[in-house]
Amino acid sequence: MLLQAALLAATFIAGPSRPNIVYILADDLGYGDLGCYGQKYIKTPNLDRLAQDGMRFTQHYSGSPVCAPSRCVLLTGKNTGHSAIRDNYEMGGWERGSREGQLPLPANTPTLARMLKGQGYATAAIGKWGLGGPDTTGEPNRNGFDLFYGYLCQRLAHNYYPEYLWRNRTKDVLDNPYFSAHQKLQGDPNDPASYARYSGNEYAEDKMASEALGFIRANKDRPFFLYAPFPVPHAALQVPEDSLAPYLGVLEDKPYTGDKSYLPHRAPHAAYAAMISRMDRHIGQILALLTELNLERNTLVIFSSDNGATFNGGTDTPFFKSNGNLRGLKTQLFEGGIRVPMIARWPGRIRPGSTSDLPSAFWDIVPTFADIVGCKPLPDTDGVSLMPTLLGQPGQKRHESLYWEYHSGGGWQAVRMGDWKGIRRNAHKNPDGPIELFNLATDVSETTDVASEHPEIVRRIASLMKSSRVPSFVEQWNFPPR
């Protein structure tokens, strides 16, 4: 295994320098929200070109159906049966000036950034963090990142025109007025002027994209790792007018007044599409800069999403078919909550226009990047390297099973074993409760529970649900003893 990894790594690293890595993570972007995954309304030309130039994964999974634990899984290589963060966990409230951040990563947590920094990489996280607020063990600068720019706190990311963003441990104060991130519309919902108060002069996504370009320029002569967890298209629905204009009057729309939480918008369908298109434009700028600096052929670019499409803040998953034909949404362990797009491009290394149906997950990224740079992966990773698949070479190791747990909504567990998918709901109340069984090869929409027809498969999945986890230090993330 180690010899094979070393040989593959040598193939990858041939050349004057180790490859750069750019990993871009969207937020609440559904499996079907990109043109290359079947989207009909939203224009994503740069991501579609990325897929044409690289590999598109059709059975890739996020770490969790919600933000913080999914990011923890990605950065540590441990699934939610073993990871430190297993659900969103707020450390403060919504009031202005309240404590920022979510439950922090424990001190000295091994992370992807630590691993790459140890190999001489410049490292940056630019976007939404969610793994610890200021002055905590979860700060990005304490977890292997030389540079952080963006939102430390997920709650503050509910407003794209914030008062400030963080640059490392210093606030970058923006030219935006303060307004609460959760307000119902005041005024006539058909009057555009009623919505003017919910915007500002500096759009957070634009600031982050600019910072990402600056990081690449500053490190063009050394290997770098750019982790760009952009907050788009997570609500609130906010976008500058120049991006909104092409969709106004094109998509069927009616005002969203903020009655389902998050900020109102006069044209929510147009806003959702425009946010994704604007992010796509920023990604195009990153790709163009790599070409300009002659870094394109020595840079692996990966794009994915932290979970499936959502249900709140004026978003409309059914209208856009954001999750394709997958069942479920964010906060659920059905396919719609965790199956996400993944695109990988590396000119000269990854075959253009290729696809992979290999079942893979966020916890595979750590060992994959370890192979790419020729180092040992983080300890106790649950992942396998995807490098053979990326290179189109034999020897790809496959998971015997994939495991998720999620603790809100009564508690969920899910196992994928080959084409079989087992789901247990209400696990906190009934940890030995019934398991729904689906055959994804014939029923990717998870419409027909066939558990009664395959009792032996159900027993194996139940055993995996028990053996694939260790107790959490957060009591509410433990299922009652069986």
Could you check, using the six-membered ring where one of them is a Trp, whether [X] and [Y] have ring centers closer than 6.0 angstrom?
{"X": "Trp412", "Y": "Phe334", "answer": "yes"}
{"X": "Trp363", "Y": "His82", "answer": "no"}
{"X": "Tyr262", "Y": "Tyr256", "answer": "no"}

Quick check: do [X] and [Y] have side-chain heavy atoms less than 4.5 Å from each other?
{"X": "Met55", "Y": "Arg345", "result": "no"}
{"X": "Leu105", "Y": "Ile85", "result": "yes"}
{"X": "Leu440", "Y": "Glu446", "result": "yes"}
{"X": "Ile42", "Y": "Ser277", "result": "yes"}
{"X": "Ile457", "Y": "Val450", "result": "no"}
{"X": "Glu335", "Y": "Tyr61", "result": "yes"}
{"X": "Ile302", "Y": "Met342", "result": "yes"}
{"X": "Asp87", "Y": "Val66", "result": "yes"}

For the pair [X] and [Y], name the ring-plane relationship: parallel under 30°, tilted 30 to 60°, perpendicular over 60°.
{"X": "His428", "Y": "His407", "value": "tilted"}
{"X": "Phe215", "Y": "Phe224", "value": "perpendicular"}
{"X": "His269", "Y": "Phe320", "value": "perpendicular"}
{"X": "Phe225", "Y": "Tyr227", "value": "parallel"}

In Å, rounded to the nearest 0.5 Å, how long is the span from [atom1] of [X] to [atom2] of [Y]?
{"X": "Leu47", "Y": "Phe303", "atom1": "CG", "atom2": "CZ", "result": "5.0 Å"}
{"X": "Ile365", "Y": "Ile21", "atom1": "CD1", "atom2": "CD1", "result": "9.5 Å"}
{"X": "Thr368", "Y": "Tyr23", "atom1": "OG1", "atom2": "OH", "result": "10.0 Å"}
{"X": "Gln59", "Y": "Ser360", "atom1": "CD", "atom2": "OG", "result": "8.5 Å"}
{"X": "Ser305", "Y": "Phe230", "atom1": "OG", "atom2": "CZ", "result": "13.5 Å"}
{"X": "Gln396", "Y": "Leu390", "atom1": "CD", "atom2": "CG", "result": "8.0 Å"}

Quiz item: Under the 3.5 angstrom rule, does the side chain of Asn323 hit a backbone N or O of Gly328 as a donor-acceptor pair?
Solution: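 Yes, the answer is positive, given that a donor and an acceptor are paired below the 3.5 Å cut-off.
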Quiz item: Has the side chain of Thr310 got a donor or acceptor atom that lies under 3.5 Å from a matching backbone atom of Lys330?
Solution: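 Between the backbone of Lys330 and the side chain of Thr310 there is no qualifying donor-acceptor contact (under 3.5 Å).
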Exercise. Could you walk me through whether Arg71 and Asp27 pass salt bridge (Lys or Arg N to Asp or Glu O under 4.0 Å), step by step?
Key: CA-CA 10 Å; Arg71 293 152 201 269; Asp27 194 340; 3.2 Å; yes
Quiz item: Can you list every pair that meets ring-ring contact (aromatic ring centres under 6.0 Å, His included) and has a residue in residues 98-124, with sequence neighbours left out?
Solution: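 Sorted result for residues 98-124: empty, none.
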Exercise. Output yes when Arg278 and Glu205 qualify as a salt bridge under the 4.0 Å nitrogen-oxygen rule, no when they do not.
Key: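 Looking at Arg278 and Glu205, the cut-off is not met.
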Practice problem: Using a strict cut-off of less than 4.0 Å between a Lys/Arg side-chain nitrogen and an Asp/Glu carboxylate oxygen, indicate whether Asp364 and Lys397 qualify as a salt bridge. | Solution: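 No salt bridge links Asp364 with Lys397.
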Self-check item: Pi-cation contact, Tyr403 with Arg469 (under 6.0 Å, within 45°)
Solution: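 No, Arg469 does not sit over the ring of Tyr403.
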Quiz item: Given Glu405, which of Arg424, Arg86, Arg425 fulfils the salt bridge (Lys or Arg N to Asp or Glu O under 4.0 Å) condition?
Solution: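 Only one of Arg424, Arg86, Arg425 forms a salt bridge (Lys or Arg N to Asp or Glu O under 4.0 Å) with Glu405, namely Arg86.
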